[in-house]
Structures are given as structure tokens and as C-alpha cells.
Amino acid sequence: MSDKPDYKATLNMPQTEFPMKANLPTREPEQLKAWEAMDLYQTVQKATRGRKQFILHDGPPYANGDIHLGHALNKILKDIVVKYAVMAGYDSPYVPGWDTHGLPIELAALKSGKVDKNKVDPIELRKLCTETAQHWMATQRDQFKRLGVRGDWEHPYLTLQPEFEAKEIEVFAAMATQGHIYRGLKPVYWCAVDETALAEAEIEYADKTSFSIYVRFPVVDGKGKLPEQDTYMVIWTTTPWTMPANLAICLHPDVEYGLYATEKGNMVLAVALAKKVFEAVGLPEGELKATFTGKELEGVTYRHLLFDRVSPVILGDHVTVEDGTGAVHTAPGHGHEDFIVGQQYGIPPLNPVNEKGVFTEEAGPFAGMFYEKANPVIIEALEQAGMLLAHGKVRHSYAHCWRCKNPVIYRATVQWFAKVEGFMDTAMKAIDEVQFIPEWGHSRIHNMIEGLADWCISRQRSWGVPIPILTCETCNEPSFDEAVFERVANIVRKEGTDAWWTRPASDFFPEGGLVCKHCGGRHFKKEKDILDVWFDSGSSHAGVLETRPELNWPADLYLEGSDQHRGWFKSSLLTSVVARDGKPPYKAVLTHGFLVDEKGRKMSKSEGNVVDPLKVIQQYGADILRLWVASTDYRSDVAVSENIIKQVAEAYRKIRNTVRYLLGNLSDFNPVTEAVSKDDMLEIDRWAMHKLQEVVERVNKAYADYDFHLVYHTINNYCSVDLSAIYLDVLKDRLYTSGKNSVERRSAQTVLYAVADSLVRMLAPILSFTAEEAYGYLPKPADAPATSQLLSMPKVDRAFVNEKLGEQWAKLLEVRTAVQAVLEKARADKHIGSSQEAQVNLYVTGGPEGGLADLLQAHLSDLPGIFIVSDVHLFAGGQAAPSGTYYGQGPDDLSVEVVRATGEKCERCWNYREVGVIEAHPTLCERCAGVVLSANFEE
RNA sequence: GCGAGGGUAGCUCAGUCGGCUAGAGCACUCGGCUGAUAACCGAGAGGUCCCGGGUUCGAAUCCCGGCCCUCGCACCA
């Protein structure tokens, strides 16, 4: 031994290669490669085969564009659920999917310029669409993988896969053969310039100047309420060209209508609007002769003078008294509400406008005119017929085609529908079996289905699954022949849906040909429309759960944003209850909210508050994004901003450092051979084990309840308070200065190992990268799995649950807090610096048996360690009160005094003690000298 | 307009059979340590529990009425 012994070298300082700096953006991709190399997904699947299943069925995102934060939120939540399920003992396969058909992809393909929009062959276009969809699917797949999401990425499901399409056709067939599919007229947005129907998504609103006309219709049958001479219903409209299609006038049942005598006859209009209307038509306000509710006027009829047609007055809740006359011109062929209310009264839509926007013969004198050009002509005709009260111009918001920017019209066209009425009750009954999380999801979807109109499932496009209907060329009646559907499904299963376009209709005939049930015709044509993409994704429960051997129908869980109550949850439910015997496709539905910024505003490019997940990954790492997801209560809206991400990154560092410190103190610990049994543990270590059980219990419950933010907060608090600020701080002296193999040190390490091991497990579903990294540094038994993701969740070890111990230590920690307050006073005056420079005197008057005095007395030898001071003196039984400069009150009647510690600073443990008791080590306290001596002896 | 959900420190969240002075972590400020060191420990400051009524001895919590935000629907004749 040299003259200047290096006592620091005799300490057991933490040692670990686990880096403090996470450097996630570079480390994570390496981890991903390692997972790829070990085929993580299949490895987990193999290891969990045969267990009880928990199937989360992935809702397919639309394969169009890079992922945004909403995607990331959704996929990370799913990943947490699935990883927890596996760790909780289930076989939980995860097959991700994509929605690959539909308009946005078709438009993107058209926009690519590789095909001529006006003369493109459907097959050519569909090929291009396939490429577009595949491209984005691959892009998104890589981005999802980068998030650390574990799934069967090599075998995802796509709605364009033949097997999926065949199943979808079978679902359609089931609906059709049960009589739930029909063909009908429905007004859709129509661009007369592009000559195509437009989806809602292709509409944009812009200001437009329109005509504004007031029109009167003479009453024919007043139903005993209205006079039939010189009496008129008065309406207002901004679209004169829809007058030829007028088939009704709609009133609100509860609005008050007045019969006004004017110089132009008796007029019926809403009382609330009378003043405005008379002003607008330039008449003195008429004399109010009688009033009626709308309801009382139902069934009154009036004459359309341009077409000599008698039509009814009907009722509708959509009527308001904000504009117009309170009596709404109703043309079921040209308006959505008009169509619906018309349906209720059995008034079929009249559409005298062709696909070019030109009036047909049905429009009589206006036939051949472009609808917009007809406006002034019609106004003139109304004037001639004595119907026009006034005309002017108005500027208002109006729907335009997003591609050609021209105003669009509503136009009734032939569409295919699912008759929801036929299975609405079944659907509502089915959801009673479903668990909704949060619970309000049930009423939300219930209300939605209750008010559901028929589902328009046809689209006049090429990129999708065809409606597999053959129509008789002779009588134009559709065939619902089961054998045809079966044939289509079988061919599609082999060749994909291109076959519908490439093969002749006769290829889909059953053996022996097809005969029209109505006219006996033998020639059929193929339906040209395709199915709504919601029908695609709505069939995924059949197309995926029933076709993959590792999955099963129904799913245990669907997990999507709350907008999917109206979307995927609904469409899946509707197809399922029809095609699968009234059963819902899911046992539980979990929803998350939407992304907003710190102020609660939705994310939008124009607001500049959009957070890009790819950038967050680049800057902070996927684990930060994952931790952010876990930190939020996702059931309501989820706030995110640069600032919030930064804060999560801070919390991450705390957790990481805690884990690092644990690992550092376990570098020389073998949990198999060196663990200390419970009975040999120090009391504070048993208390730490007790606290760990509490945390494990709370975390398990939080996971099971999908309360991931409680997992986050529990672990965060645990790391900061119980571990870092209390237990680990107290432990330092013992870990560093005790003999390497002493029971004191091994006892602490036994706890630290349990804590580190549990933390890795509890964190694995959330901080998948970091948990895996830490797992690599954790001492492990020989049979430990190759990945942290195959560990089980820690279970509460009842042997360590000790409520009494918990209470006692809660009290001791209260005393500790009081001591720290007094230490702080002494420190503020520079009386002490390190707390080890202090001695603490505790004054307490005995109190009841088992009271504070007893508690302190029993733990007297532990107290210096707990307070991290050099000495503690206890004065129980009413001895002298504190007389020093630094004192304060503790719990009960405890007084705390801080004085400078006596003795000298031990060079090794820095406590103030009597040093030099053992001559060989004149600067060490007796304990340290002993440790050093026996260490030398061992060597 | 209708339906659903939400509003507690700067941030993320606890807190309901109504009950101590509304809590935690982080961030912030100040201090300590220098044997977890781009760490660690301590202390402090920080709140009109969205607003206004009501019930009650007592309301973040229950009731009524507003405001704001989010999702969905409807409307824009």
C-alpha cells in the first residue's frame, strides 16, 4: 500500500456502458436492424403460439401520402396494446392493413400524367392506381416500422388483394341475396363541365353570384284552411333552373305561417319573415288574415303554371326562417334535403338535366338549354305565367368542382343502395354486446345508426371493387343470382377484380347460362359502377380475420379515432350484421381523440401548428413520440406542440438516468446466485420492495384499463420520487462504501435488480427501443428470452406487500422531509454544505406506545442513513427542547434540530466520525477501515 | 342548428357517495453537492379548478344557464 492510499478506488462506484445520452435518432435504426435480423414479429408469434388469443384488428389507413401525427398516435396506441397483451400472456398477432382503392388514389394516378384522362382504358388506369397505392403503402410501412411498431409488415393486408376482394364480393352477395341491395335514383354532386359525379371530398365552397327570385304558386286545394281563389304559396330560390323540377313546397311543421291579403292576391308565408319578404318583393305589408302552423297546411296542393302540374305542400324539419319565405321550393332531383323529404312522401326525384347540364325533353320548353343559360329564360317564363314576384341577385357560398372550379349542380342519377332499414334494428341490437371504451361510444354509434338513411354504395369510378351485378339487356332488370356472385368471387379470388373489366359478362354466368327472371332474356351487361371504399374497409373483418390462419373472427378490439364511429366502425358493423348473422365484428371498440395544439386548436397547415412525426423522430427519436402518446389521456383530444414534445423528452431523460443508475449498481451482481432472501434484507430494502409492488399493481391495472397515461405518470413519479429522491439517494452510502459482497450491499442490489427488471418490463410496450437497450445491459438468467418483448409483465409479489411497513416508512419519510427543511435553513446560512456535515437531534415526548418516539427509537441506527447525515440523536420523553440556531417542527410533537457533526470527515465515506481507530487507516472511520482491510484480505 | 366529448398551475395529469390550507411530476427561480456529473439532492414561487347563478353548514365535485375547443351530422332553398 502506498503512502497516499487511493480510497476512492475501494468504493463500489456504479459502472455501466449504458449511455447517459440516448442518441435515439441513430441508435433506433440500429435496433430496428437487429429486430429485423432476429425476425422479431415471427419470433414473438412462435413463442406465444397456443396461448389464448387477443386480436386487435388494424383499421386500414388510406395509402396516400406520408404518415401524419394522427397515424403515429393511432399506430403507437395499437402497438402498446398488442405488446402489453403479449406480455400479459396472450397470443396477439398484429396484421397491419391499408385501404388502397378509391378516389384520391385514382386522382393521384390521373394527375401523374402517365395516362390521358379523357380516353384512358380502365385496366390501364387501374394498373397505375395499383402502382400508386403500392408505392404509398411501402412508404407508410417503413414509417410505421420506424416508430417501433411490431407487426407482420412483410404480409400486410391490402384491400386490393384478390383474396380480400373476393371476400368483399361475398359480403356484397350476402347483402344482395338477402334483399338489402337495390337500385334507385339519388341526387349527387355533378360537374357538368367534367361530366362526372363528384364525391363530397371533391367539392369546395366559394362565393358565387346567383339569381334570387320570389315565386308564387296558386293554391288548388286549400284543405279547408286556405281559400282557393287568388291564393298563393310563396317561395324563394337562388336556382331558377331548378323550377322545372319543382314537385313540392316544404314547410316546417311548427313554424307559424300567415295568410296575407295583398294587392297581388292572398299570400302564404312564414309570419317571422313576412316583413322581409314584402320589402323584397316591393309590396306594402299585407293584412294578416289568419295563421296556421306548418303542420296544419300539410296536404294543401298548388299548381305549377309552367308545367300544369299539381303538387303538394309537405313538411320537413330542415326548413328555417332565416332566409326566404319559410316555404321551401322542393325539387327532389336537385337537392339532398329535397330528395330525402321527397322520399318520405313518396315523391320520386325528377331530373330533367342530362350529364352535360343540358335540359332534356322533360323540361318542356327549356329542353336543349344549358342549365345556367336557362336561368334568365325561366325567369322570363315565370314572369309571363304570373308567378314571379321579384328577382334580383345574391352573393353566397356555393359548391364548386375542385378540379375545374366551375359551380356544380345536384343531379339525380341511378345509384346502388344498401337498404339500411332492413337491418337497422339488428345492428342496434348487435352493439349492445360490444364494450365501448369510453362508454359513450355506444350511444354515439347507436344514435348514428338510428337515424341512418340508405347507404349509397356505388361510385362512378374505375378504381375499386366492381358491383358484381349483371343487368338484363332486354328489360334492364338486375340479376341477384347467387350462382353469379359465387362465380364472380371465385374468378376474382384467382385473377383479381380486373377480371370484371377484361372478361365478357357471359364468363360470370352460372353453368347452363343465365336467364332473366323478369323477361326471360339471356343477354346481360356488367354493372359499371364500383363499390364505395367504405364497403371495402367495412368488409375487412371478413377479408382479413377470416382469411388469415393466425387470426379469428370476430376481433377482440378495434382501436381508431372517434371519427370512425361514423366511418369504419359503422360500415364494418353494417356488413357484419347482414353477412354474419346479426353479429358485430368486434367485441370491444376503443377510440382516441384528435390532435390539437397547446391552445386546443386543431392542427392545420394554415395555422402553422402541425407537428410532423417524421421530424420528431429525426430530432428526438421514436421513443419520445411513443412516450408522448403514453403521456396523454388520448380519450379526449390530444395536445401536441414543440414545447410538449420537449417536456416529454425531459421526462424521458429522468427515466433513462434512473435506469442507467440501476444498471450501474448491478454490474457486479448475479441475480441467480447473489440475491438476498426477503428475511435477510434490510428493512428499508423490504420497504422498497413493498413500494415496487404498489407500482407494479397500479401499472398493470392501468395497462389493462388502457390508461396508458397513468402508466406514464406512475412510472415517472416512481422514478423521480420513490427512487431517485429517496431510495437511491439513501442507498448511495451503503452501495458505495459497504463491502462488495456484504449482505448490506447484496440486499440493496437484490432490490435494485427487481426494480430494474420490473421497469424494463413495464416500459417495454411504451419505450420499446429503450427497454430493449436496457435489457441488453441487465444481468439475466441463462434462460432469459432474446428480447424484452417476450418478457412477461411483472406480477405483484404478495410476499413483499406489507402495509404496516409502508405506513411506518411513510411516517419516517415525513420526518425526513422535516429534517431536510431544517438542513436547508442551515445550508442557507452556509452553516453546512453537504448534509453529511450535519448531526440531527430529534426531540419527542414519548407519546403512546407504538407512537412516533417508539418508531424513531426502533429505527435509530437507520436514521443517519435515511437523512443522509452523519449522526442522529434522539431525545424521547420530554428532555431539553432544541436550543441551537437551526430547528423546526416535524410531524406530531417532534422537534428537529440541526448542528454541525462532531468528529472528522472520514476520507472514504465522507461521514463525520471518529477516525483512526484502526491504526493502519488513520483517516478512515472504523467501518471503512474494516471494509478496506477485509477487501485487502480477500485479495 | 343537432348529437357526442372536453375545459383543474407554463406543460402533462391526479383529485366525485360534496368535507382538512386543491395535489404530483416536469418546466421555472434560488441554493447545495462535485463519488449518477450535459447528472444528482434540497427549497421556493406558481391556481378566479372556463364564466354566471342555484342547492348545501360546506361545491373542482351536484343542478340550471352561458362561453370556448374538438369530433360527427345537418344546413348554405
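Numbers restart at 1 for each chain; the letters A, B, ... are given by sequence-line order, proteins then strands.
- For rU12(B) and rC2(B), the C1' atoms lie 33 Å apart once the distance is rounded to whole Å.
- Lys830(A) comes within contact range of the sugar-phosphate backbone alone, with a heavy-atom separation under 4.0 Å but no base atom that close.
- The closest side-chain donor-acceptor pair between Ser212(A) and His391(A), if any, does not fall under 3.5 angstrom.
- Closest contact between the side chain of Lys905(A) and the listed nucleotides rC13(B), rU34(B), rA4(B) involves rU34(B).
- For Asn665(A) and Gln749(A), the side-chain atoms include no donor-acceptor pair closer than 3.5 Å.
- For rC49(B) and rC13(B), the C1' atoms lie 14 Å apart once the distance is rounded to whole Å.
- Residue-level contact check: Val648(A) touches neither bases nor backbone, having no heavy atom under 4.0 Å from any strand.
- When the C1' atom is compared between rG46(B) and rC26(B), the two are found 14 Å apart, to the nearest whole Å.
- Distances from the side chain of Arg444(A) to the nucleotides rG35(B), rA4(B), rC40(B) place rA4(B) closest.
- Between the P atoms of rA14(B) and rG53(B), the separation comes to 29 Å (whole Å).
- Residue Glu907(A) is in base contact, counting any heavy-atom pair closer than 4.0 Å across all strands shown.
- In this structure, the side chain of Gln564(A) engages the main chain of Trp568(A) through a donor-acceptor pair within 3.5 Å.
- Rounded to whole Å, the distance from CG on Asp597(A) to P on rU12(B) is 10 Å.
- With distances taken from any side-chain atom of Phe594(A) to the nucleotides rU12(B), rA43(B), rU70(B), the minimum falls on rU70(B).
- Nucleotide rG31(B) forms a Watson-Crick or G-U wobble pair with rC41(B), both donor-acceptor distances falling under 3.5 Å.
- Going from atom CD1 of Ile868(A) over to atom C1' of rA36(B) covers 13 Å, rounded to whole Å.
- OP1 or OP2 of rC2(B) has not a single side-chain nitrogen or oxygen of His318(A) nearer than 4.0 Å.
- In this structure, Lys208(A) atom NZ and rC76(B) atom C1' are separated by 13 Å, rounded to whole Å.
- Straight-line distance between the P atoms of rC50(B) and rU56(B): roughly 23 Å, to the nearest whole Å.
- Rounded to whole Å, the C1' atom of rA24(B) lies 23 Å from the corresponding atom of rG18(B).
- Base pairing of rG52(B): its partner is rC64(B), meeting the Watson-Crick or G-U wobble criterion (both donor-acceptor distances under 3.5 Å).
- Distance from the side chain of Glu824(A) is smallest to rA43(B) among rC71(B), rC75(B), rA43(B).
- Among the heavy atoms of the strands lying under 4.0 Å from Lys8(A) is at least one base atom, whether or not backbone atoms are also near.
- Ala828(A) comes within 4.0 angstrom of nothing in the nucleic acid, heavy atoms only.
- Of all nucleotides present, only rC11(B) satisfies the Watson-Crick or G-U wobble test against rG25(B), with each distance under 3.5 Å.
- Cation-pi geometry between Arg444(A) and Phe569(A) is not satisfied (NZ or CZ under 6.0 Å from the ring centre, within 45° of the ring normal).
- Within 4.0 Å (heavy atoms only), His329(A) reaches sugar-phosphate atoms of the nucleic acid but no base atom.
- When rounded to the nearest whole Å, the span between CD of Gln647(A) and P of rC28(B) equals 11 Å.
- At least one side-chain nitrogen or oxygen of Tyr736(A) sits closer than 4.0 Å to the OP1 or OP2 atom of rA36(B).
- The residue Ser724(A) sits close to a base: some heavy atom pair falls under 4.0 Å.
- Put simply, the residue from Asp623(A), Val638(A), Ile76(A) that forms a side chain to side chain contact (heavy atoms under 4.5 Å, CB included) with Trp628(A) is Val638(A).
- Mapped onto RNA chain B by nearest heavy atom, Met448(A) and Trp910(A) fall at different nucleotides, with Trp910(A) at the one closer to the 5' end.
- Put simply, Arg827(A) has no side-chain N or O that comes within less than 4.0 Å of OP1 or OP2 on rG32(B).
- The separation between Leu11(A) atom CG and rG35(B) atom C1' is 7 Å, rounded to whole Å.
- Here Arg698(A) does not reach the OP1 or OP2 of rA14(B): none of its side-chain N or O atoms lies under 4.0 Å away.
- Counting heavy atoms from C-beta outward, Tyr257(A) and Leu269(A) have side chains that stay 4.5 Å or more apart.
- Between Lys21(A) and the phosphate of rU37(B), there is no side-chain N or O to OP1/OP2 separation shorter than 4.0 Å.
- rU70(B): Watson-Crick or G-U partner is rA4(B), with both key distances under 3.5 Å.
- Listed nucleotides rA36(B), rC41(B), rU70(B) differ in distance to Asp729(A); the shortest reach to its side chain belongs to rC41(B).
- Separating the CD atom of Gln836(A) from the P atom of rC33(B) is a distance of 12 Å, rounded to the nearest angstrom.
- Note on Arg660(A): only backbone sugar-phosphate atoms sit closer than 4.0 angstrom, heavy atoms only; bases stay farther off.
- Judged by distance alone, the side chains of Thr330(A) and Asp338(A) never bring a donor and an acceptor atom under 3.5 Å apart.
- Between Lys825(A) and rG31(B), a side-chain N or O to OP1/OP2 separation shorter than 4.0 Å is absent.
- Nucleic acid contact class of Gly324(A) (heavy atoms, under 4.0 Å, all strands): none.
- A residue-by-residue look at His713(A) and Ser835(A) shows that His713(A) has its nearest nucleotide of RNA chain B further toward the 5' end.
- Annotation for Met448(A) and Arg566(A): closest pair SD-CA, 3.4 Å, computed over non-hydrogen atoms.
- Note on Lys732(A): every side-chain N or O is 4.0 Å or more away from OP1 and OP2 of rC40(B).
- If you check distances only, the side chain of Thr658(A) never reaches the base of rA36(B) with a donor-acceptor pair under 3.5 Å.
- Residue Asn717(A) is classed as a sugar-phosphate contact, given heavy-atom separations below 4.0 Å to backbone atoms only.
- The base of rA27(B) does not come close enough to the side chain of Lys646(A) for any donor and acceptor atom to sit less than 3.5 Å apart.
- Of the P atoms belonging to rA45(B) and rG31(B), the separation is 16 Å, rounded to the nearest Å.
- As judged by a 4.0 angstrom heavy-atom cut-off over every strand, Ala639(A) is placed among residues touching the sugar-phosphate backbone only.
- Checking Lys701(A), Arg635(A), Arg698(A) one by one against Asp707(A), the salt bridge (charged side-chain N to carboxylate O under 4.0 Å, His left out) holds for a single residue, Arg635(A).
- Comparing atom distances between the Ile644(A) side chain and each of rC40(B), rU12(B), rG72(B) picks out rU12(B) as nearest.
- In this structure, Lys691(A) fails the cation-pi test against Tyr718(A), since its NZ or CZ atom is not both closer than 6.0 Å to the six-membered ring centre and inside 45 degrees of the ring normal.
- Remark: P of rA38(B) and OH of Tyr652(A) are 16 Å apart, rounded to the nearest angstrom.
- Between rA59(B) and rU55(B), the two P atoms lie 11 Å apart (nearest whole Å).
- The partner of rC20(B), taking Watson-Crick or G-U wobble pairs whose two distances both stay under 3.5 Å, does not exist in any strand shown.
- Atom pair Glu650(A):CD and rC11(B):P shows a separation of 17 Å (rounding to whole Å applied).
- Nucleic acid contact class of Arg635(A) (heavy atoms, under 4.0 Å, all strands): none.
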